[in-house]
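Comments concern the structure below.
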Amino acid sequence: MKILVINAGSSSLKYQLLNMEDEAVMATGIVERIGETVGNLTHKAYPDTDAEKKVAKEEEIKDHKIAMHMVLDLITGSEAGVIKDPKEIDAIGHRVVQGGEAFTSACVVDNSVKVAIADNNPLAPLHNPANLMGIEVAEELFPGTPNVAVFDTEFHSSMPPKAFLYALPYDYYKELRIRRYGFHGTSHKYVCNKVAELMGKKVDEINVITVHLGNGCSMAAIEKGKCMDTSMGMTPLAGVMMGTRSGDIDPAIVSYIAESKNIGIDEMDNILNKQSGLKGICGLNDMRDIHSAVANGDEMAKLALDMFAYRVKKYIGSYTAVLGSIDAIVFTAGIGENDDVTRAAICQNFSGLGIEMDFDKNNGRKGEPTPVHTDASKVQVWVIPTNEELQIAQESMALLN
Ligand code: AMP
């Protein structure tokens, strides 16, 4: 079975074609700046086990339909093609960010599913309309091929009301659907299943805290394979500190800044989403730049790093309490997989909770699943590269089978 995974953003389109017989990536790429005067496409294809072909294009890409046409031409073309006919694609799996309460599992797309996805647009105005557009373009270009929607929120739908409700007037939950939904669900699910497999356990035998640290950061408390709590909230702004997002703050700060600085809602939104987090403290949002700055004696970069690690540590502590006991912690995503310094800062002085990192094993970037705990540690600590595309493809395949 060959599955094309699509992640459509408002001006971008990421794709990956997988052969599910051996879960190998046949082609992968990204189209960016769709709708701008100059767009770009980067495509990598693996026609044979050892061969990699790269294609880069820079030209106007007017809309997502044209972008998808370009991808299809590349996948089937002579330059860097991996299949002959689009009909060889058995299914298309779509990342959809917000499933709301309507979707607790992946589903094959039909009209009622599209209506329900659109109904969630107000909850994810930057993502859901683009995801839906990706589905509609795929329906047009691959007639007869099933489309599957896999939701970022779906894995978190097992949270109990005490975890997902905000302590606001209850009517707002009913009327406006204000609640914690959580995000990065496919990533949390993938690494949780993977760590169980690597520990030789069934996922319903272990409690795990998954720590997804990338541009966006989120954590999940997972009891026997079911998410009990997660750090992102109604939107991906909540939780731990991120590259440019504030994470949790006292909500009264918002009106205080708005009044003091005479700032409107849009600007406030921009401050919290784009000017805060690591960037707000030290002016830099990429951890690699922050480490270079720390090495050059930048005190604010050091403070940003300390704050970041402290907040993740606090969540690990609170999720240990939520779960009662934990069997494993998994680090994943750009920072989680590559940044040994940040992982070490998070795991310092944790032996009281049975968490003992082996700092030698932790050293370096981890391109594959790696245990980084001491033999004496009660809790296993792992670094596991995430694979959201594979998770989406696996769910699509399971559904269609
Ligand atoms: P992601 O959103 O998962 O792609 O993660 C992107 C983020 O990972 C970047 O903004 C960096 O902060 C971080 N990152 C990537 N590579 C490294 C590295 N080698 N060392 C430290 N941080 C890294």
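Computed from a predicted structure; not experimentally measured. One-based numbering along the sequence shown.
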Would you confirm whether [X], through its side chain, and [Y], through its main-chain N or O, come within 3.5 Å as a donor-acceptor pair?
X: His373; Y: Ile355; answer: no
X: Arg365; Y: Glu337; answer: no
X: Asp340; Y: Gly364; answer: yes
X: Asp248; Y: Ala238; answer: no

Do other residues, nucleotides or ligands put more than 12 heavy atoms under 6.0 Å from [X] [atom1]?
X: Lys302; atom1: NZ; result: no
X: Lys65; atom1: NZ; result: no
X: Lys2; atom1: NZ; result: yes
X: Tyr310; atom1: OH; result: no
X: Glu52; atom1: CD; result: yes
X: Asn401; atom1: CG; result: yes
X: Asp204; atom1: CG; result: yes

task: Mind checking the NZ-CG spacing from Lys378 to Leu353? Nearest 0.5 Å is all I need.
output: 10.0 Å

Under a 3.5 Å cutoff, is there a donor and acceptor pairing between the side chains of [X] and [Y]?
X: Arg177; Y: Asn120; result: yes
X: His184; Y: Thr230; result: no
X: Asn147; Y: His94; result: yes
X: Asp339; Y: His291; result: yes
X: Glu154; Y: Thr104; result: no

[X] to [Y] - nearest heavy-atom pair and separation:
X: Ser231; Y: Tyr315; result: CB-CE2, 3.6 Å
X: Thr42; Y: Tyr15; result: O-OH, 3.7 Å
X: Asp327; Y: Glu205; result: OD2-O, 4.3 Å

Are any of the side-chain heavy atoms of [X] and [Y] separated by less than 4.5 Å?
X: Lys53; Y: Pro47; value: yes
X: Phe308; Y: Cys217; value: yes
X: Thr210; Y: Met219; value: no

Geometric cation-pi criterion, Arg179 with Tyr181: 6.0 Å, 45°: yes

message: Looking at Glu388 and Arg95, is there a salt bridge between them, counting it only when a charged N and a carboxylate O are closer than 4.0 Å?
response: no

- request: Please say which of Ile335, Leu284, Asn285 ends up in a side chain to side chain contact (heavy atoms under 4.5 Å, CB included) with Ile290.
  value: Leu284

